[in-house]
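Along the sequence shown, residues carry numbers from 1.
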Amino acid sequence: MAVLTLSLTASLVALSTSARAAEEKVYKFSPVNQFGIELTASYWNPIIQYISSKSGVKLSLKIGRTSADTTSFVLAKEVEFAFTNHLFNENRRQMGWKLLVRRDYPAVYGQILTAADSPITDLAQLANKEVVFPGNEAFIAYKVTYAHLLEQKIPVKVVFGGNHDGAFAQLFSGKAQAVGVNSQLVDGYARREKKSFRTLWTSGPFNDLALMASPSVPAADVKAVTDAFLGMANDPAGAAIIKRVSETVKLEPFRTFIPALEEDYASYMEFHRTSPDFLK
């Protein structure tokens, strides 16, 4: 009887532990590295801690050394939520990731910039010179800007900086003569580092990156996370976090998260439809 009772108790403990583990499921969240690792974490950790608290769905930050590394987690199905614009080509769309929300920032642009005091004043002068990009997965900063250089038949030596901050650092150290960027991040870097730029080219508009969920996440958890993001700006505590993290990276605070719709990303899909295969 004692052995039976002990066995039954052990089974109940195991079941209880298993149930708690299921209840305490932690989803990995991977935002594209738009800044260095520490700054990216400083921006996103307060947000996901708030969302976890409000939604009851636990999120944990997972970022790689570079933006390409972080996207590789998504492609390898190692994370369940992502803040990205790297999933809009036809192959990746078939993975089934669901659009949830985006920040209500104005449209952003791909830009090719030099330092304000650079002798380079025209795009054609970049022929056979080093141009640095955040990484080969950076949609707006690399794929859009490099596609334009190819279209204009301006051959350049491609260099990758790992993220925007790394690319900017290579420009101002003289290792590259120009940089491909997402326009949204230029002002923040200029304010943080007291740097000035000259614009050589600007693309057409693209909407901000989107929060997306893997098809592996249960619908109830997706809804809870989505609702928490959509309500964040209406909660004084949430609004204060938005303001604080924006100040951390020297970006103008966005007002709120809004629903991200398929049509918001039509310009991305059109780019992938017409771009060279190696940029899709």
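A pairwise comparison of heavy atoms in Lys280 and Lys143 identifies O-NZ, 3.5 Å as the closest pair. Between Leu171 and Ala115, the closest heavy-atom pair is CD2-N, 3.9 Å. Looking at every heavy atom in both residues, Leu185 comes nearest to Gln34 through CD1-CB, 3.5 Å. The two residues Ile242 and Ser246 have their closest heavy-atom pair at O-OG, 2.7 Å. Annotation for Phe73 and Ile63: closest pair CE1-C, 3.6 Å, computed over non-hydrogen atoms. In terms of heavy atoms, Val74 sits closest to Ala82 at CG2-CB, 3.9 Å.
When side chains are defined from C-beta on, Ser267 does not count as touching Asn207, because their heavy atoms never get closer than 4.5 Å. Residues Asn182 and Phe139 form no side-chain contact, since every pair of their non-hydrogen atoms from C-beta on lies 4.5 Å or further apart. Between Glu262 and Leu99, the closest side-chain pair of non-hydrogen atoms falls below 4.5 Å. Here the side chains of Asp208 and Gln184 are in contact, with some heavy-atom distance below 4.5 Å. Side-chain contact check for His164 versus Val186: every heavy-atom pair is 4.5 Å or farther apart. Between Phe257 and Met232 the shortest side-chain heavy-atom distance falls below 4.5 Å. The shortest side-chain heavy-atom distance between Ser214 and Val79 does not fall under the 4.5 Å cut-off. No side-chain heavy atom of Glu130 sits under 4.5 Å from any side-chain heavy atom of Val156.
To the nearest 0.5 Å, atom NE2 of residue His148 and atom CD1 of residue Ile154 are 6.5 Å apart. Between the CZ atom in Phe278 and the CG atom in Leu150 there is a gap of 5.0 Å [rounded to 0.5 Å]. Going from atom NE2 of His86 over to atom OG of Ser30 covers 12.0 Å, rounded to the nearest 0.5 Å. Considering CG of Asn89 and OG of Ser275, their distance stands at 8.5 Å, rounded to 0.5 Å. Rounding to the nearest 0.5 angstrom, the gap separating the CE atom in Met95 from the OG atom in Ser216 is 10.0 Å.
There is no path of hydrophobic side-chain contacts, each under 4.5 Å, that joins Val181 to Val131. Cluster membership check: Val57 shares its hydrophobic cluster with Ile241, using side-chain heavy-atom separations under 4.5 Å among Ile, Leu, Val, Met, Phe, Trp and Tyr. Following chains of ILVMFWY side-chain contacts shorter than 4.5 Å, one can reach Leu230 starting from Ile51, so the two form part of one hydrophobic cluster. There is a path of hydrophobic side-chain contacts, each under 4.5 Å, that joins Val132 to Leu113. By the rule that hydrophobic residues join a cluster once side-chain heavy atoms approach within less than 4.5 Å of another member, Met269 and Leu261 end up as members of separate clusters.
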(request) Evaluate the side chain to side chain contact (heavy atoms under 4.5 Å, CB included) criterion for residues Asn163 and Phe35: first the C-alpha distance (whole Å), next the side-chain angles of each, then the deciding distance (0.1 Å), finally the verdict. (result) CA-CA 6 Å; Asn163 54 59; Phe35 320 102; 6.0 Å; no

(request) Could you go through the side chain to side chain contact (heavy atoms under 4.5 Å, CB included) check for Glu90 and His272 one step at a time? (result) CA-CA 8 Å; Glu90 191 55 37; His272 286 304; over 6 Å; no

(request) Could you check Lys25 against Asp221 for salt bridge (Lys or Arg N to Asp or Glu O under 4.0 Å), going step by step and ending with a plain yes or no? (result) CA-CA 10 Å; Lys25 167 72 177 175; Asp221 288 348; over 6 Å; no

(request) For the pair Val32 and Phe83, evaluate side chain to side chain contact (heavy atoms under 4.5 Å, CB included) and give the outcome as yes or no after the intermediate values. (result) CA-CA 6 Å; Val32 167; Phe83 182 75; 5.7 Å; no

(request) Using the side chain to side chain contact (heavy atoms under 4.5 Å, CB included) rule, take Leu126 and Ile112 through it: C-alpha gap first, then chi angles, then the decisive distance, then the call. (result) CA-CA 10 Å; Leu126 293 177; Ile112 300 173; 3.9 Å; yes

(request) Show your reasoning for whether side-chain hydrogen bond (donor to acceptor under 3.5 Å, both in side chains) applies to Thr202 and Gln111. (result) CA-CA 5 Å; Thr202 298; Gln111 292 184 313; 3.2 Å; yes

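A donor-acceptor pair under 3.5 Å links the side-chain atoms of Tyr105 to the main chain of Glu252, judged by distance alone. Checking side-chain atoms of Thr70 against main-chain N and O of Gly64 turns up a donor-acceptor pair under 3.5 Å. At distances below 3.5 Å, at least one donor-acceptor pair connects side-chain atoms of Lys194 with backbone N or O atoms of Arg191. With hydrogens and angles disregarded, no donor-acceptor distance shorter than 3.5 Å links the side chain of Ser53 to the backbone of Gln49. Formation of a donor-acceptor pair under 3.5 Å by the Arg198 side chain with backbone atoms of Pro119 is not found in this model. In terms of modelled atom types and a separation under 3.5 Å, the side chain of Thr71 and the main chain of Ser67 share a donor-acceptor contact. In this structure a side-chain-to-backbone donor-acceptor pair under 3.5 Å is missing from Thr114 to Ala178. Counting only distance, with no hydrogens or angles, the side chain of Asp122 and the backbone of Ala124 share a donor-acceptor pair below 3.5 Å. Listed for the Asp104 side chain is a donor-acceptor partner under 3.5 Å among the backbone atoms of Arg255.
Residues Asp69 and Thr66 bring a donor and an acceptor atom of their side chains to less than 3.5 Å of each other. Glu270 and Thr274 form no side-chain donor-acceptor contact under 3.5 Å, judged by distance and modelled atom types alone. A donor-acceptor contact under 3.5 angstrom links the side chains of Asp235 and Tyr50, judged on distance only.
Salt bridge Asp227/Lys54: absent, no basic N to carboxylate O contact under 4.0 Å. Salt-bridge formation is not detected for the pair Arg244/Glu247: no Lys NZ or Arg NE/NH1/NH2 atom is positioned less than 4.0 Å from an Asp or Glu carboxylate oxygen. A salt bridge links Arg92 and Glu137; the closest N-O separation between the charged side-chain nitrogens and carboxylate oxygens is under 4.0 Å.
Taking the six-membered ring for Trp and thresholds of 30 and 60 degrees, Phe88 and Tyr265 have nearly parallel ring planes, at less than 30 degrees apart. Between Tyr189 and Phe172, the two ring planes are parallel [angle under 30°; tilted spans 30° to 60°].
Annotation: side chain to side chain contact (heavy atoms under 4.5 Å, CB included) contacts of Ser203 (sequence neighbours excluded): Tyr109, Val144, Trp201, Phe206. Residues meeting the side chain to side chain donor-acceptor pair (under 3.5 Å) test with Arg102, sequence neighbours left out: Asp264.
Each of Trp44, Tyr27, Phe29 was scored for a ring-ring contact (aromatic ring centres under 6.0 Å, His included) with Phe81, with one residue passing: Tyr27. When the options Thr84, Leu100, Asn85, Val101 are evaluated for a side chain to side chain contact (heavy atoms under 4.5 Å, CB included) with Met212, the one that passes is Thr84.
Ring to ring, Phe168 and Phe197 are close: their centroids are under 6.0 angstrom apart.
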